[in-house]
Amino acid sequence: MSNLESQSNIPAEKGVWLFVYFDLLAFGALFGTFLYYRSIQPDVFLKSQNALDVNLATLNTLLLLTSSLFVALAVNRARSSHLEELSSKRKIERCLLQGAFVCGLSFCLIKVIEYTNKFEEGFTLITNDFFMFYFVLTGIHAFHVILGLCLLGFLIREVSKTHFDSNSISFMEGSGCFWHLVDFLWVILFPLLYVLN
Amino acid sequence: MIMKNKLEKQFTLVWLALVGLTFVSWFLSEGSAQPVLFGMSGPNLGILVLTISIFKVYLIISFFMELRTAPFAFRFNFEIVLFVMWLSLIWLYSL
């Protein structure tokens, strides 16, 4: 798909968008449930929230936003190189995707550090409703991150190939959409779990 | 080539806006003792934080995911979900 075509079309397959749409609805329901329980036990939720590290969460947000930028730039570049440099190795795209992968991996490492700290401090799934939501919501999100990292890893291999056609671009756009989904879900999780006072 | 550079510039500006809004949210967190912004404090800041996060999602969907180039009906489906989510989250937060 060229840049000009992309001005009037939907990037990626419609099935990917359908998945994004229903995932957004499902997470929306979870976010709503979290806020409902928060309204029932405001003191428990506020006290528990203070035990979380907002600085680590902010760093994680910045990492995911940066990785999203890298993916968006890589998809945009790949469309151009697909048309202009058919047989060349897409070095810039590969570097951008590797950057996105490193950011995603760093997010996971920080999450592991955060989980370890919480377990050491004695907070688990059964501590209270806040921590039940904290571990379930961030756990489901972390599963999305790992899935996204697998897709990014596959993409890095794909852009290194000489044969890179419109199907490859479409796959790249789909994987990119999934990675942006991972990013924007965290963008809502971040204020819900760490910021709202 | 011009289009490519224009889009890259746009993506970078959006990223800068997202980073800036993230720092605003961080500033408004409980970690910053008794934050006050534009005379707002307490629950109003919570509503502002939720609004910022939904706006950030809108920016990601519109620019990074390129939904702004999609047909109106397709785009509208996502925008209405975001709008309803924004209203619901604010309502539930205000309970």
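Computed from heavy atoms alone, side chains included, the values below leave out hydrogens, waters and symmetry copies.
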Q.
Give the interface residues of residues 81-89 of chain B toward chain A, defined by a heavy-atom separation under 4.5 Å.
A.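 Listed by number, the contacting residues are Val81(B), Met85(B), Leu89(B).
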Could you check, using the six-membered ring where one of them is a Trp, whether [X] and [Y] have ring centers closer than 6.0 angstrom?
X	Y	answer
Phe31(A)	Phe133(A)	no
Phe64(B)	Trp15(B)	no
Phe123(A)	Tyr134(A)	no

Examine whether an atom of [X] lies under 4.5 Å from a heavy atom of chain A, and if so say whether it belongs to the side chain, the backbone or both; otherwise answer neither.
X	result
Ile60(B)	side chain
Ile54(B)	side chain
Phe63(B)	neither
Phe11(B)	both

Q. Between the side chains of Ser67(A) and Asp183(A), does any donor sit under 3.5 Å from an acceptor?
A.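 No pair is found: no donor N or O on one side chain lies under 3.5 Å from an acceptor on the other.
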[atom1] ([X]) with more than 12 external heavy atoms under 6.0 Å:
X	atom1	value
Tyr115(A)	OH	yes
Gln41(A)	CD	yes
Tyr37(A)	OH	no

Quick one: does any side-chain atom of [X] pair with a main-chain N or O of [Y] as donor and acceptor, under 3.5 Å?
X	Y	result
Lys56(B)	Thr51(B)	no
Glu8(B)	Leu73(A)	no
Ser68(A)	Leu65(A)	no

Relative to chain B, which segment of [X] carries a heavy atom at a distance below 4.5 Å: side chain, backbone, both, or neither?
X	answer
Trp179(A)	neither
Phe34(A)	neither
Leu25(A)	side chain
Leu185(A)	neither

